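The structure under discussion appears below in the form of C-alpha cells.
Because the structure is a prediction, the values reported are computed rather than measured. Computed over heavy atoms, backbone and side chain alike; hydrogens, waters and symmetry mates excluded. So you know, we letter chains A, B, ... as the sequences are listed, proteins then strands, and number each from 1.
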Amino acid sequence: MKTQLQQLIEQALQGLRQTGQLPATTLPSITLERTRDRAHGDFASTIALALAKLARRQPRELAQTIVAALPAVDWIDRVEIAGPGFINFFLAPPAYQQVVRDILRQGDAYGRNPLGAGNRVQVEFVSANPTGPLHVGHGRGAAFGATVANLLEALGFQVHREYYVNDAGRQMNILAASVWLRYLELCGETVAFPANGYKGGYVREIAAVLHGEHGAAYAVPAADLTAGLPPDEPQGGDKEIYIDALIERSRTLLGENRYRYVFELGLNTILDDIREDLREFGVIYDEWYSERSLSERGAVNKAIARLHEAGQIYEKDGALWFRSSAFGDEKDRVVQRENGQTTYFASDIAYHLEKFERGFDRVIDVWGADHHGYLPRVKAALQAMGVDPAKLDVLLVQFAILYRQGIRVPMSTRAGEFVTLRELRQEVGNDPARFFYVMRKSEQHLDFDLDLAKSQSRDNPVYYIQYAHARVCSVMGKLREKGWTWDEARGDANLSRLVEAQEEALLVALSRYPEVLEAAALQYEPHQLAQYLRELANAFHTYYNEHRVLVEDGVLRDARLNLSLAVRQIIRNGLSLLGVSAPEVM
RNA sequence: GCGCCCGUAGCUCAGUUGGAUAGAGCGUUGGCCUCCGAAGCCAAAGGUCGUGAGUUCGAGUCUCGCCGGGCGCGCCA
C-alpha cells in the first residue's frame with residue numbers, strides 16, 4: 001500500500017522533471033509516512049517541503065504542482081495540501097478492503113517480501129562460553145538474535161544462524177580442572193577448591209558422571225596435586241596465577257590423553273545442555289562453529305600473516321601486536337603473547353575473516369553490551385585485511401534484570417549465583433519469556449517482571465495478544481454451534497459493509513503490518529513488531545466489545561468473519577516471527 | 001580521566017530514519033457481562049520530553065556544553 005503510493009509520487013516527479021518544472025538533478029528519497037491524526041488523511045508526504053529549496057519555489061505552491069501531476073487512480077479518495085506544504089492522501093475504502101483479501105489469500109506468507117533478494121546474511125548470537133548453563137542474560141541474546149534472524153528471513157534474506165563455540169582457551173581449562181577437582185572429592189581426596197574455579201553444582205554432576213563411569217581411574221593423591229604450587233587467593237596469593245599453575249599440574253599428573261578426556265567430557269556435557277536448552281526455547285542454529293577448529297586448520301596464523309602482509313603487525317616485548325590504532329581503535333592490541341600463544345582476539349580476527357570468505361554479504365553479531373569496547377578492534381582488523389567494516393553490524397544487547405514481587409533478584413556470575421535460562425523458562429513459560437525479552441529496545445536495560453510474565457491477565461501483553469487470536473477461533477467454533485457456515489467468497493464480495501469506526505480502525509491496523517515488519521527487520525528492532533501486535537489486538541478487542549461478529553444478516557456476518565480471520569492471520573504471522581505460539585484455546 | 005549507551009506521565013516504556021495538538025501499558029479513580037470468552041472494553045486524571053544554548057519553515061528526534069545513571073578501557077575470554 002505504502003510502496004504503491006510511493007511509486008505514484010515518483011511518477012509525478014518524473015513527469016515534472018521531463019517538463020522542466022523540477023531540476024533534473026538527483027532528488028531526495030520520497031518521504032511518506034502514516035499520519036498521526038485521521039484528519040490529515042492516511043498518508044502524508046513532506047516531499048514538497050524537502051524539494052522547495054532545491055526547486056527554488058514556495059513549498060505550498062510546489063505541492064500544488066506535484067498533486068496536479070499525480071496519475072489518477074481509483075483507490076485514492078482525495079489529496080489535500082495542508083500546513084506549510086504537507087501533501088495528505090486520503091485512501092478510498094476499496095484500498096483497505098483489498099488488504100483483507102490479500103491476507104486471506106496469502107495466509108502465512110502475508111507480509112513477507114522479496115526485498116532481501118536472496119542476499120546472504122549471517123547472524124551470530126548467544127555464543128556463550130560452554131563453561132556452564134545459559135543464564136537469563138544469554139536468554140535475551142537468544143530471543144533477540146533468533147527474532148532478528150526470523151525477520152530478515154521474512155524479508156527475503158538468506159539467513160544463516162550460527163553459534164560460535166569458545167571451545168579453546170583458558171576458561172575451558174579452568175572448567176576441566178574444576179571438574180577434575182570435584183571428581184577427586186568423590187574419590188575421597190581432600191583438596192581446597194580454587195578461588196577462581198567454577199563452583200556451580202553442574203560441575204559436581206559432571207564429576208559424578210566421570211566417577212560413575214571410570215571409578216578411581218583418574219585419581220591421584222591430593223598431596224601430589226598441590227605440592228609446590230603458589231598460594232591461592234585465600235592464602236594471600238593471586239587466584240589467576242594459582243589456577244594456571246593448577247591446570248599445568250593437572251595436565252602433568254593426568255597425562256595428555258586423560259586430561260583431554262576430562263576436558264572433552266566437561267565441554268560436551270555443557271554444550272549438549274546448551275543446545276537442548278536453546279532448542280526447547282525455539283532457537284535453532286544452522287551451525288555450531290568451533291573456535292578450536294580455527295587454529296587446528298591454521299586459520300589464526302593465516303589471519304595474522306594477512307595482517308603482517310598489510311604491514312600492520314609489529315613485535316614489542318616479545319609479543320606480536322596489531323596496529324589497530326591506525327584504524328580508529330584506542331590502542332594497539334596483542335595477537336600473539338610472549339609465550340607464543342595466540343590471543344582470543346586473534347581467533348576472533350580469523351573467525352570474522354572466514355565469515356566473509358564464506359561469502360556472506362552481511363554479517364551480524366549479537367553481543368552483550370559489556371563487550372561494546374571490543375567493536376573498534378574487530379572493525380579495525382577487518383579494514384586492515386581489506387574487508388569493508390560496514391558489512392559487519394554489531395547489535396548490543398543489555399542485560400535483563402529480574403524482578404520478583406517488585407524486588408530485584410540478585411545475580412552475580414561469581415559463586416554461581418545466577419538464574420539460568422532454563423529456570424526462567426520453567427517458571428514463566430517459553431512464550432512470555434520470548435516476548436518479554438524482545439518487547440523493549442535491545443540496547444535498553446530490560447526490567448523483567450516475573451510475576452507479570454506469569455500472570456494470566458490483561459496486564460500480561462503476551463496473553464493479551466494470544467487472547468485476541470483465541471477469541472477469533474472461539475467465534476468460529478460458535479459459528480458451527482449455531483449451524484451456520486462461513487462463506488468466504490460472499491464475505492469477500494461484501495467487504496464494503498465494514499463501515500463501523502472500529503472496523504475502519506482495524507483495517508488501517510491490518511494494512512500497517514507489512515510496513516511494520518519491514519521496518520522492524522531493517523532496523524533490527526523486534527520490539528516494533530511486539531508493540532504493533534499489541535495495538536492490533538487492542539483494536540480487535542475494542543471492536544469485539546462494541547459489535548457482534550455473528551449477526552443474523554449472513555452477508556454482513558461473512559464480511560465480519562473475513563475481517564476477523566484476517567486479524568487472526570496477522571497475529572499468528574507476527575507471533576510466529578517472535579517465536580511465540582498462537583493458541584486456539586486458552 | 002577517555003570512549004560508548006541512556007535520561008519522555010507516579011512506575012515500565014513507544015515515539016514511524018527532522019513534521020502537524022508528545023502516545024501506550026501498569027498503577028489511581030469511575031463506568032460496562034439477560035448479548036459471539038470480562039484473560040475483555042470505555043472514560044477521567046497525570047508532561048518545563050534531565051538542563052542551557054545552537055542549526056531551520058519546523059527539534060523529544062540533529063550539533064555542542066553541563067547535570068545524573070549504566071557499561072567499557074588486560075599479553076582474560
For the residue pair [X] and [Y], establish whether any side-chain heavy-atom pair is separated by less than 4.5 Å.
X        : Y        : value
A/Val397 : A/Leu395 : no
A/Arg440 : A/His445 : no
A/Gln64  : A/Gln58  : no

Looking just at side-chain N and O atoms, do [X] and [Y] make a donor-acceptor pair shorter than 3.5 Å?
X        : Y        : value
A/Glu354 : A/Tyr289 : yes
A/Arg34  : A/Ser511 : yes
A/Gln171 : A/Thr131 : no
A/Glu518 : A/Asn113 : yes
A/Asn88  : A/Glu80  : no
A/Asp431 : A/Tyr463 : no

Could you work out the separation of [N] and [M] based on their [atom1] atoms and round it to a whole Å?
N     : M     : atom1 : result
B/C4  : B/U63 : P     : 11 Å
B/C35 : B/G18 : C1'   : 49 Å
B/U21 : B/A39 : C1'   : 35 Å
B/G60 : B/G54 : P     : 15 Å
B/U55 : B/C13 : C1'   : 30 Å
B/U61 : B/C6  : C1'   : 15 Å
B/G69 : B/C62 : C1'   : 23 Å
B/A53 : B/C71 : P     : 32 Å

Restricting to nitrogen or oxygen on both sides, can you table the protein-nucleotides 59-62 of chain B pairs closer than 3.5 Å?
none

Does any donor-acceptor pair link the side chain of A/Asn88 with the base of B/A20 at a separation under 3.5 Å?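 Check passes, donor-acceptor contact within cut-off.
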
Q) When you measure from the centre of the six-membered ring of A/Phe322, is the NZ or CZ of A/Arg377 under 6.0 Å away and within 45° of the axis? A)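 The answer is no; the distance or angle limit is not met.
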
Can A/Tyr344 be said to stack with the base of B/C76, given centres closer than 5.5 angstrom and planes under 30 degrees apart?
-> no

B/A20 pyrimidine/purine six-ring stacking with A/Phe86, under 5.5 Å and 30°: yes

By a strict heavy-atom criterion of less than 4.0 Å, which residues belonging to [range] are in contact with RNA chain B?
range                       : answer
residues 547-558 of chain A : A/His547, A/Arg548, A/Val549, A/Leu550
residues 429-440 of chain A : A/Arg440
residues 522-541 of chain A : A/His527, A/Gln531, A/Arg534, A/Asn538, A/His541
residues 372-380 of chain A : A/His372, A/Gly373, A/Tyr374

Nearest-angstrom distance from the residue atom [atom1] of [X] to [atom2] of [N]:
X        : N     : atom1 : atom2 : value
A/His371 : B/C76 : NE2   : P     : 15 Å
A/Gln341 : B/C76 : CD    : P     : 9 Å
A/Asp317 : B/G74 : CG    : C1'   : 14 Å
A/Asp348 : B/C75 : CG    : P     : 16 Å
A/Asp37  : B/A22 : CG    : P     : 11 Å
A/Phe399 : B/C71 : CZ    : P     : 9 Å
A/Glu33  : B/G58 : CD    : C1'   : 13 Å
A/Glu330 : B/G74 : CD    : C1'   : 13 Å

When you measure from the side-chain N and O atoms of [X] to the phosphate of [N], is any distance below 4.0 Å, counting only OP1 and OP2?
X        : N     : answer
A/Tyr464 : B/C41 : yes
A/Thr31  : B/U17 : no
A/Lys441 : B/G15 : yes
A/Arg337 : B/C76 : yes

Classify A/Leu49 by what it touches in the nucleic acid, base, sugar-phosphate, or nothing, heavy-atom distance under 4.0 Å.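 Base contact - A/Leu49 has a heavy atom under 4.0 Å of at least one base atom.
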
Within the structure shown, what part of the strands sits under 4.0 Å from A/Ala44 by heavy-atom distance: base, sugar-phosphate, or nothing?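 Since a base atom lies under 4.0 Å of A/Ala44, the category is base.
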
Go through the structure and list residues passing side-chain hydrogen bond (donor to acceptor under 3.5 Å, both in side chains) with [X], not counting sequence neighbours.
X        : value
A/Glu503 : A/Tyr543, A/Arg560
A/Tyr544 : none
A/Thr343 : none

Quick one: pull up CG in A/Leu529 and CG in A/Leu578 and give me the separation to the nearest 0.5 Å.
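Here the interatomic distance stands at 4.5 Å.
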
Out of B/G37, B/A77, B/G74, minimum distance to the side chain of A/Arg471 belongs to B/G37

Original post:
Counting side-chain heavy atoms from CB outward, which of B/A20, B/A77, B/C41 is closest to A/Gln171?
Top reply: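 From the listed options, B/A77 comes nearest.
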
Expected label for B/C33 (glycosidic angle, syn inside 90° of 0, else anti) would be syn

By ring-ring contact (aromatic ring centres under 6.0 Å, His included), A/Trp288 pairs with (sequence neighbours left out) A/Tyr163, A/Tyr285

- Message: Surrounding NE2 of A/His541 (heavy atoms of other residues, nucleotides or ligands, distance under 6.0 Å), is the total greater than 12?
- Response: yes

* When you look at A/Tyr437 and A/Thr147, which way does the side chain to side chain contact (heavy atoms under 4.5 Å, CB included) test go after all the steps? -> CA-CA 10 Å; A/Tyr437 270 137; A/Thr147 305; over 6 Å; no

Across all chains, not counting sequence neighbours, the salt bridge (charged side-chain N to carboxylate O under 4.0 Å, His left out) partners of A/Asp553 are A/Arg497

A/Lys478 meets the salt bridge (charged side-chain N to carboxylate O under 4.0 Å, His left out) criterion, sequence neighbours left out, with A/Glu481

Applying the Watson-Crick and G-U criteria (both distances under 3.5 angstrom) with [ ] for crossing and | for other-strand pairs, one obtains for RNA chain B (((((.(..((((.....[...)))).(((((.......))))).....(((((..]....)))))).)))))....

